[in-house]
Amino acid sequence: MSGGGALRRLAAHEGRWLVSLVWWVARRRIGVAPGERAVTYAAAQAAFIYGLAFVCVVETVGVSVLVAAEPVVHGVLLVLDVYTVLMVLGLQAAAVTRPHVLGAGVLWLRDGARRELRIPVGRVASVRYDLRFSRQEARAGEAVADGATAGVAEFAVGGQTSVTVELAEPVVVVGMLGRRATVGTVRFHADDPRAAVRAVQEAVREAMTGADDGPGAGGAGVTRP
């Protein structure tokens, strides 16, 4: 991707988390329509994010005291420090306001404001509870940039995923900077992974029933491993 394209994507990312702060304060969610199921995932990182934000606030106050005699330096550093605090809180705001969504025949996975992936439930071959830690897989040489691997995409939270989706047909996942990868396995985290697994399984069954009952189905079922 060109440098200009990367900059545009970064600017769009900045805009998304800034908007998420507003929606977070308003206690609203982005992209969850009536009748659709929101699958939350932000709880796993909440303690870390709030702790980091507290440290940033303390650092802001400390630096402000140290450079109080230099108005220009004080002003510049204050702006940068406040923006840093907002950015840290924006990570949590984006995760809270942009949950995974299951509805309308699509499993819509989101990684805060960074990236997203829409998987037609008809392409889901299997889904299971599967707790994994990303760092262990990185040591095994699987992980690459943007969380995508050779055939595997991860939407990890707090360094872990808890649900694994195997696909009957591959999908293309696009990273924050535009990197594309074709994947046949997707792993994501959910606050209640077992409930998420049951919900996806039910959606798959409904999709299969609809396909079997449709015109020309001829009673043939869809086999899933």
Side-chain angles (χ1 to χ4, degrees), residues 16 20 23 27-45 94-134 137 142 146-158 160-175 180-225:
R16 286 192 295 271
S20 295
W23 283 67
R27 296 180 177 275
R28 299 177 61 188
R29 290 172 172 169
I30 299 171
V32 183
E36 295 183 333
R37 182 186 182 111
V39 179
T40 61
Y41 56 86
Q45 68 179 23
V96 171
T97 60
R98 299 170 184 268
H100 306 313
V101 181
L102 181 60
V106 174
L107 174 60
W108 182 13
L109 302 178
R110 297 192 280 188
D111 185 8
R114 291 182 289 273
R115 57 181 179 144
E116 61 183 37
L117 174 63
R118 295 176 186 263
I119 304 173
V121 295
R123 293 193 184 188
V124 176
S126 67
V127 55
R128 65 185 184 275
Y129 171 73
D130 183 21
L131 183 62
R132 290 173 178 260
F133 295 92
S134 297
E137 296 192 357
E142 292 185 8
D146 284 321
T149 70
V152 180
E154 289 187 345
F155 288 72
V157 180
Q160 68 180 15
T161 60
S162 53
V163 179
T164 293
V165 179
E166 303 287 352
L167 303 177
E169 300 178 35
V171 295
V172 175
V173 61
V174 181
R180 302 169 69 87
T182 301
V183 299
T185 301
V186 181
R187 298 176 183 140
F188 67 94
H189 180 70
D191 292 335
D192 188 347
R194 290 183 172 83
V197 167
R198 290 193 296 269
V200 175
Q201 288 173 337
E202 180 61 29
V204 171
R205 282 193 293 269
E206 291 178 359
M208 292 171 62
T209 300
D212 291 344
D213 294 341
V222 179
T223 302
R224 299 290 188 216

Asks: If you take all heavy atoms of W108 and G31, which pair is closest and at what distance?
Replies: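 The pair with the smallest heavy-atom distance is CZ3-O, 3.3 Å.
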Asks: Taking atom CZ of R194 as the centre, report whether more than 12 heavy atoms of other residues, nucleotides or ligands fall under 6.0 Å from it.
Replies: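 Open: at most 12 neighbouring heavy atoms sit under 6.0 Å from CZ of R194.
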Asks: Under a 4.5 Å cut-off applied to non-hydrogen side-chain atoms, are V121 and L102 in contact?
Replies: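 When only atoms from C-beta onward are counted, L102 and V121 do touch, with a gap below 4.5 Å.
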Asks: So, taking the atom named NE2 in H189 and the one named NE2 in H100, what distance separates them when rounded to the nearest 0.5 Å?
Replies: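 These two atoms lie 8.0 Å from each other.
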Asks: Would you give the length of the straight line joining atom CD of Q160 to atom CZ of F133, rounded to the nearest 0.5 angstrom?
Replies: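 CZ of F133 is found 5.0 Å from CD of Q160.
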Asks: Show the nearest heavy-atom pair for residues A104 and E36, with the distance to one decimal.
Replies: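 Closest approach of A104 to E36: CB-OE2, 4.1 Å.
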Asks: Taking D191 for its side chain and A43 for its backbone only, find out whether a donor-acceptor pair lies under 3.5 Å.
Replies: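 A pair under 3.5 Å: yes.
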Asks: Short question: side chain of R110, backbone of P99 - any donor-acceptor pair under 3.5 Å?
Replies: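 Flag set: sc R110 to bb P99 pair under 3.5 Å.
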Asks: Where do A44 and V157 come nearest, in terms of heavy atoms and distance?
Replies: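 Closest heavy-atom pair between A44 and V157: CB-CG1, 3.8 Å.
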Asks: What are the two closest non-hydrogen atoms of V174 and R115, and how far apart are they?
Replies: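 Here V174 and R115 meet closest at O-CB, 3.6 Å.
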Asks: In Å and rounded to the nearest 0.5 Å, what is the CG to CG distance from L117 to L109?
Replies: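 Interatomic distance, L117 CG to L109 CG, rounded to 0.5 Å: 5.5 Å.
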Asks: Can you tell me how far apart OG1 (T161) and OH (Y41) are? Round to the nearest 0.5 Å.
Replies: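 Result: 14.5 Å between the selected atoms.
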Asks: Mind running side-chain contact (heavy atoms from CB on, under 4.5 Å) on T164 and R132 for me, showing each step along the way?
Replies: CA-CA 9 Å; T164 293; R132 290 173 178 260; 4.2 Å; yes
Asks: Is a side-chain N or O of S162 found less than 3.5 angstrom from the main chain of A190, in a donor-acceptor match?
Replies: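 It does hold such a pair.
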Asks: Can R114 be said to sit on top of F155's aromatic six-ring, NZ or CZ under 6.0 Å from centre and within 45° of the ring axis?
Replies: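 Geometry flag: not set, cation outside 6.0 Å or 45°.
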Asks: For V96 and A42, which heavy atoms make the closest approach, and how far apart are they?
Replies: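 Looks like CG2-CB, 3.7 Å.
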Asks: Tell me, please, which residues at least two apart from Q45 pass side-chain hydrogen bond (donor to acceptor under 3.5 Å, both in side chains).
Replies: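 With sequence neighbours excluded, Q45 shows a side-chain hydrogen bond (donor to acceptor under 3.5 Å, both in side chains) to Q92, given in chain and number order.
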Asks: Just list the side-chain donor-acceptor pairs under 3.5 Å for residues 196-205, sequence neighbours left out, or say none.
Replies:
from, atom 1, to, atom 2, distance (Å)
Q201, NE2, V127, O, 3.4
E202, OE1, R205, NE, 3.4
E202, OE1, R205, NH2, 2.9

Asks: If you look at every heavy atom in A156 and D111, which pair is closest and at what distance?
Replies: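 Residues A156 and D111, closest heavy atoms: O-OD1, 4.4 Å.
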Asks: Nearest 0.5 angstrom please: E169 CD to T182 OG1, how far?
Replies: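 With rounding to 0.5 Å, CD (E169) is 12.5 Å from OG1 (T182).
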Asks: What is the distance from atom CG of L131 to atom CZ of R187, rounded to the nearest 0.5 Å?
Replies: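 Rounded to the nearest 0.5 Å, the CG-CZ separation comes out at 11.5 Å.
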Asks: Is there a side-chain contact between I30 and R16, using heavy atoms and a 4.5 Å cut-off?
Replies: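 They are not in side-chain contact.
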